[in-house]
Structures are given as structure tokens and as C-alpha cells.
Number of protein chains: 2
Amino acid sequence: MATIREVAKLAGVSVATVSRVMNKNGYINDKTKEKVEAAIKELDYRPNDVARTLFKGTSKMIALFVPDIMNPFFPKLARAVEDTANKSGYTFILCNTDNDQEKEMKYLHTLLQKTIGGVVMVSSSIPLETLNKVNVPIVALDREIADMISVTVNNRTGAIEAVRHLQETGCKRIAHISGPEDTTSAVERKKGYLEAVGQENWFSEEYLIPGEYTFDGAYQATKELIKKHPEIDGIFAANDLMGVGVLKAAEALDLRVPEDLSVIGYDGIELGEITTPALTTMGQPIYEIGKRAAEIIIDRMENNQKEFASEQYNVQLIHRQSTK
Amino acid sequence: MATIREVAKLAGVSVATVSRVMNKNGYINDKTKEKVEAAIKELDYRPNDVARTLFKGTSKMIALFVPDIMNPFFPKLARAVEDTANKSGYTFILCNTDNDQEKEMKYLHTLLQKTIGGVVMVSSSIPLETLNKVNVPIVALDREIADMISVTVNNRTGAIEAVRHLQETGCKRIAHISGPEDTTSAVERKKGYLEAVGQENWFSEEYLIPGEYTFDGAYQATKELIKKHPEIDGIFAANDLMGVGVLKAAEALDLRVPEDLSVIGYDGIELGEITTPALTTMGQPIYEIGKRAAEIIIDRMENNQKEFASEQYNVQLIHRQSTK
DNA sequence: TTGTACGCGTTATCAT
DNA sequence: ATGATAACGCGTACAA
């Protein structure tokens, strides 16, 4: 790779001049500009981004922390962040955290040492004081982190709508398989469920069981739930991955869906279209929120004076085959 | 972030000494070492990786080029590469290429400007001369790229095995939905299919139709295929995503699987476990090959004198419900 | 309008 | 055993 010095020599000018034409800074004679551009072209010169970064003190890189890219909710989110980052000339770094604090801290420090520009975080177990001490813009995505700027969907009201849909399509006894307690989206969805049916006279605490946002968790949970409470005729799973787990458990239990058991999920990932029956769900604008989070981060990096606010998007019922 | 100079000042030594204790280079008095370490700890000093990279001329970053992380085959591969990279202290950069040459070239140059350490590539439309000119270790993963070092599975023999399985379970007329012609894995799988049944007297070119490795492609292909050739009783889809597409098409066509139509896929992604019926497939060690590709890249970066060779892994029949 | 020289934070070489 | 300093490649005051 050619350096700025080589270009300067070939063009018969100083490095400063080359730098100026590269960055369109200051005044330059048209004639010398041409010479320089010719030299740049001839050598296929591309400025060394590392040197640039060192000088500027910040790099055009943006990182995304997700629990696990193998969870089918995240690829689209990652894609959205990457696309948006690229559009503004940023490089995209993906970090799988496994919700492991040690891993997250290690990542954060590694990135800091690379003078990362900004971080989009889906969840974080990093202590708030660390997060605040760190001099890098951070935006929370999908889940809130304390009082940081976040891009989320309206989980509580979406959950209420999900339960209402179950009721409107004839369900009398509705259970909820919830997500992790330390995840705001899961907590909000559970709140919505409780708000919708917590006061019903049939309601029981036993209708509320944790599934940890995983397929297996929901599968097991459903089996136990139905064994104990065969009267259940509707299940609201806090995410689609669990919704699919419920579907498979129903299959194993020889329960017809939606005749014997109605199922609704949350997220609207493509997986839900592929099951038989296809999963009814509350669809969120996944790509959209990922894109917005990236845009906000980039805005904050380039435009530090502006005021930023959290954003909340709406979810929408997608009626497929797992409810009547 | 504290710099090495601040540490030096606090410890009352020169920056060279600090550098030495950081890198465990040269001789250092135990006493001064202690002083320096104390200062490092006190300031929570972490060397600036950008400066380091600038000096060394290469960075501890490894990139993975995939067509699209939203394709369910890739998350596990990405995860494998990232895990392996991290284990050796490398940072992971994900690049979605969409099989778009322009995008790939842009990525490559961006990364080069960051003095990327190595690149793992799933497919590439980058001209070979560019690839060769570039002074960065590259390994091809999942698909071959000319004569570069690659980590793949045995696609041809796996395909033969898949077709044999269909035959052994009673299929008499077996069609193949193939992947992209410019993708070596797809070409090899098609070769295997042809090798297995191309000489049968019932064989017809019309049994061989392209599905582009996509769900929709396979869905449409299946519908047309069955309409034209209702005698088909077995389909070998060149990947699982298409296998699932076949399953859904069969459902739409009111065909029972496997009674009326047997289906086998390729890859062994988790998606195939979730459909009803679950998809029989040729499972490849996805995580394993991703890991190996990363290991090889890292080896090449750290150990340039060694000789490296391509590796090929075996696939294994996973018999689920879509075949008898 | 252009060039010189310094600084960004490290590491490695050469003295001491 | 330790320190001073050049060098990595770039951008920008400041001088010319």
C-alpha cells in the first residue's frame, strides 16, 4: 500500500498538499491538484486508516453487542446496524456477549483500546458506573439500560394486545411463558399480560412460568404447564422462539393448534412463518429499530451537541394459523 | 484513557521501561517492575491499540465475509469464527456482501486501510488478481475460491449419500433443486445428484431445477415441478433452507410428507428440526468448519512460514421425519 | 497557494 | 538495567 509520502514525491509536492486534496481542505492550485490526483490514481493510494484514527483519536467503527447471533431474533438486527453503519462509512463489529458480564467488559475494553466510535447494546450486565465513565456514545437497543438512550418497542401494550387477541378468539384460560427477569422487554411483556388478565377470577400465579426466551425453556415449560393445567386453552409466549417451542410441545402433547390450544408469540421473526401451523405474533419493526439505533449512534458521534431522546416503536398483530 | 507517558511519569521511569514491562521484553529490575505495575494499575492503563497497530503495520482483527447473516446457515458459522478469533485476542468484523462484487471490493479496501490481519471468505466475486495482489491471508470457507486454501465439506459424496437414502427409503423418481451455479458447494451437490441418478432410465433433465439456495426459490420450483411431474416422489434440496421451502410447498399442494413425497436437505441447520415434519438432511459440522477456518487464518498470520493445506470435512445423514 | 514540522501512542534500536 | 529517540502514516498549525 502506497503512503502519502510516495504520492507526494511522485506528484512533486509536499505531503501537506496531498493531504489537502485528499480531504478537500484549504486552497489548492487547480494545476497541482491535478498532478496530485494523477499520482493518487497511479499509485492507487488509499490513506492509512490507522494513522488517521491515531491522529483523530476516534475511529469510524461501531460495535453491536448481542447475546447470541445464533438466536434468530438477532441476525436481522445485526444486518440493520451493519447496513446503516456502512452507509455512513463506518465499520461494523459484532460482539456476542452470552449475557456474560466478564465477556462484555472484556469486549468493551478491547474496543476502547481501538478507540471505537460508538456502541449499540442489546442488554448489558456492565455496571452502570463503568458505562458512564466510558467516553463513548452508547445506545440501548431492544431492551432498556437504566436511563440511557434507547430504541425499543412498546412491549407492555403489545403484550396486552396479544392477550386480548387470544381472548377475542375465544380463549378462556390464558397462560404466559415469560422471558428473563433482568431483561426489560420480558418484564414489560409480563406486566402487560398481568395487566390484561391478572384480575380475572380464573387467574392463577401458576399460569405464569419462565421460559428464558429459549426454545427449550418454552418447550419444557409448556409440557409441565399443560400437565398440571389442562384447562389452559391459550398461551402467550414472550417471544417467537418460545412460541415455536410451545407449538412443538403442543405437537408432542397431541394438542391441536389452534383448536385445543391457541398460541401467540412476540417479535415477528421469519421462523414463525415456517412452522406448521404458522405462528400468530406481535410483529415488531426489527430492521427499523436496528437502523434507528445505528443512526442515533452515528448522529451522536458526529454531532455531539444535539439532544437525543429515546424512541419507542409500535408492534402490530400478525394473525397467522396458531390462533383462531 | 491514560497513556504510556503518564504511567512513565507516575512510576518515575521512561516510557521504554513501561513498554518493556507491558510486553515482557528485555531486562527489568524487579523493583522498578513493581513500581511500573503499580502505576499501571493505579491509572488503569491500557495500551492504545491503534498506536500499536500503526507501529506494527498489522492489526489483530479478522473479518468474515458472508452473503447475508439473515440466511440461517450463517449465524453459527459467524459465531464459530468470532469465538475462535476472540480466543486468540482478535477482534471480529462481520461483512454482509450480498454476493455483490462492488460491496465486496469496498469492504476489502476498507479493511486493508485498517491493516486487517486476515479474512475468512464465504464465496467471493472479487477478481482473483485483486485477491492475489492483496497482502492479507485469506481462507475460503464453505465454498472454494479458485486455488486458495479452503475449509469445506465433501459436498459431492454427501449428495450421493442423500440421494441413496431417498432410494433406500423407496423413492423411484427423485428430483433435485439446486443452488447457484457460481457456488462450488451447489455445483458439487448437483454433481453428486447426477452421479447418483443421471444414468437411471427414468431420469430427465426436467427433474433438475434451480432454487438459488433460497426458501422462495425452492417453494416456487417445487410447485412447478410437481405440477409438471406428479410422478416425483422424492426431492433432494441442495440446502436446508430450500428443503424447508419444499416442505411448505408440499403442504400447500396437499402432499403428505413423507408418504407422498420424501424430502431431504443439506446442511443440518436448526431450522430443519422445527418444521413439521422435521427435515431429514445431510448435517455438516458447521461450527467446526468455521472454527477451523479461523484457526488457519490465525495460524497464517502468526506463523507465516508454515505450509497450509485445504481441509475437507464429512457430512452425516440426519434422519428425521421428512423421509421414510 | 504551498511547505515544514510537530504530535497522535507505541515499540524497537542504540546508547549509556 | 534503563533512557533517549526514531519510526509507523497522517493531519494541521504555522511559516513562508
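Proteins get letters first, then strands, A, B, ... in listed order; numbering begins at 1 in each.
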K.L.:
Would you confirm whether B:K60, through its side chain, and B:A85, through its main-chain N or O, come within 3.5 Å as a donor-acceptor pair?
P.N.:
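Checked: no pair found.
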
K.L.:
Check residues 129-151 of chain A and write down every donor-acceptor pair under 3.5 Å in which the side-chain atom is one partner and the other belongs to a residue at least two apart or another chain.
P.N.:
unit_1: A:N132; atom_1: ND2; unit_2: A:L128; atom_2: O; d: 3.2
unit_1: A:S150; atom_1: OG; unit_2: A:S310; atom_2: OG; d: 3.4

K.L.:
Under a 4.0 Å N-O cut-off, is there an ion pair linking A:K106 with A:D100?
P.N.:
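Salt bridge absent between A:K106 and A:D100.
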
K.L.:
Decide if atom NZ of B:K35 counts as having more than 12 heavy atoms of other residues, nucleotides or ligands within a radius under 6.0 Å.
P.N.:
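Counting neighbours around NZ of B:K35, more than 12 heavy atoms of other residues, nucleotides or ligands fall under 6.0 Å, so yes.
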
K.L.:
For the pair made of NZ in A:K56 and P in C:dG9, what is the distance, rounded to whole Å?
P.N.:
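The distance from NZ of A:K56 to P of C:dG9 comes to 15 Å, rounded to the nearest Å.
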
K.L.:
Is there any ring pair (Phe, Tyr, Trp, His ring centres under 6.0 Å) pair reaching into residues 4-59 of chain A, and which pairs are they, with sequence neighbours excluded?
P.N.:
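Every candidate ring pair (Phe, Tyr, Trp, His ring centres under 6.0 Å) pair involving residues 4-59 of chain A fails, so no pair, neighbours aside, qualifies.
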
K.L.:
Under 4.0 Å from OP1 or OP2 of C:dA12: is there any side-chain N or O of B:N25 that close?
P.N.:
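For B:N25, the contact criterion (side-chain N or O under 4.0 Å from OP1 or OP2 of C:dA12) is met.
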
K.L.:
Between B:N23 (side chain only) and B:S19 (backbone N and O only), is there a donor and an acceptor less than 3.5 Å apart?
P.N.:
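Yes, the answer is positive, given that a donor and an acceptor are paired below the 3.5 Å cut-off.
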
K.L.:
Starting at atom CZ of A:F55, determine the distance to atom C1' of C:dT10, rounded to an integer number of angstrom.
P.N.:
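From A:F55 CZ to C:dT10 C1': 17 Å.
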
K.L.:
Measure CE/B:M22 against C1'/C:dT11 and give the value in whole Å, please.
P.N.:
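Nearest whole value for this atom pair: 12 Å.
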
K.L.:
Under a 3.5 Å distance rule, please check whether A:T3 uses its side chain to pair with a backbone N or O of A:R5 as donor and acceptor.
P.N.:
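Flag set: sc A:T3 to bb A:R5 pair under 3.5 Å.
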
K.L.:
How bent is the helix from C:dT1-D:dA16 to C:dT16-D:dA1, measuring the angle between the end axes built from five pairs each, rounded to 10°?
P.N.:
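One end's axis against the other's: 50°.
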
K.L.:
Any side-chain donor-acceptor pair under 3.5 Å between A:Y213 and A:N71?
P.N.:
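No - no donor-acceptor pair under 3.5 Å links their side chains.
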
K.L.:
Taking the basic N atoms (NZ, or NE/NH1/NH2) and the acidic carboxylate oxygens, is any pair closer than 4.0 Å for B:K87 and B:D83?
P.N.:
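No, B:K87 and B:D83 are not salt-bridged.
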
K.L.:
Taking any heavy-atom pair under 4.0 Å as a contact, classify B:T32: base, sugar-phosphate, or nothing.
P.N.:
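Here B:T32 touches the backbone only, sparing every base.
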
K.L.:
Could you give the start and end, 5' to 3', of the contact zone on DNA chain D for chain A, using atoms under 4.0 Å from its heavy atoms?
P.N.:
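Here the contact window of chain A covers D:dG9 to D:dT12.
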
K.L.:
Atom CE of B:M1 and atom P of C:dC8: how far apart are they, to the nearest Å?
P.N.:
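It is 15 Å, rounded to the nearest whole Å.
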
K.L.:
Over all strands shown, is B:I28 touching base, sugar-phosphate only, or nothing at heavy-atom distances under 4.0 angstrom?
P.N.:
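Sugar-phosphate, no base atom in range.
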
K.L.:
Quick one: does any side-chain atom of A:S124 pair with a main-chain N or O of A:I126 as donor and acceptor, under 3.5 Å?
P.N.:
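Indeed, once roles are kept as given, a pair shorter than 3.5 Å links the two residues.
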
K.L.:
From the options A:K103, A:E104, A:E102, A:Q101, select the one residue that forms a side chain to side chain donor-acceptor pair (under 3.5 Å) with A:S125.
P.N.:
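Among A:K103, A:E104, A:E102, A:Q101, the one meeting side chain to side chain donor-acceptor pair (under 3.5 Å) with A:S125 is A:E104.
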
K.L.:
Give a yes or no on whether the backbone of A:T115 and the side-chain of A:S59 come within a donor-acceptor separation of less than 3.5 Å.
P.N.:
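Yes.
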
K.L.:
Scan residues 35-50 of chain A against DNA chain C and write down, sorted by residue number, each residue with any heavy atom closer than 4.0 Å; if none is found, say none.
P.N.:
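By residue number: none to list.
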
K.L.:
Do any of residues 2-15 of chain A sit with a heavy atom less than 4.0 Å from DNA chain C, and if so which?
P.N.:
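Contacts with DNA chain C under 4.0 Å: A:V13, A:S14.
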
K.L.:
Let me know the distance between NZ of A:K33 and P of C:dT2, rounded to the nearest Å.
P.N.:
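Whole-Å distance recorded here is 11 Å.
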
K.L.:
Quickly work out the A:R20 CZ to C:dT4 P distance and round it to whole Å.
P.N.:
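For the pair A:R20 CZ and C:dT4 P, the rounded distance is 11 Å.
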
K.L.:
Check B:L64, B:I116, B:I62 against B:I93 for a side-chain contact (heavy atoms from CB on, under 4.5 Å) and give me the one that passes.
P.N.:
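Only one of B:L64, B:I116, B:I62 forms a side-chain contact (heavy atoms from CB on, under 4.5 Å) with B:I93, namely B:I116.
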
K.L.:
Indicate yes or no for a side-chain donor-acceptor contact from B:Q113 to the backbone of A:D49 under 3.5 Å, with no hydrogens or angles considered.
P.N.:
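No, because the side chain of B:Q113 does not come within donor-acceptor range (under 3.5 Å) of the backbone of A:D49.
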
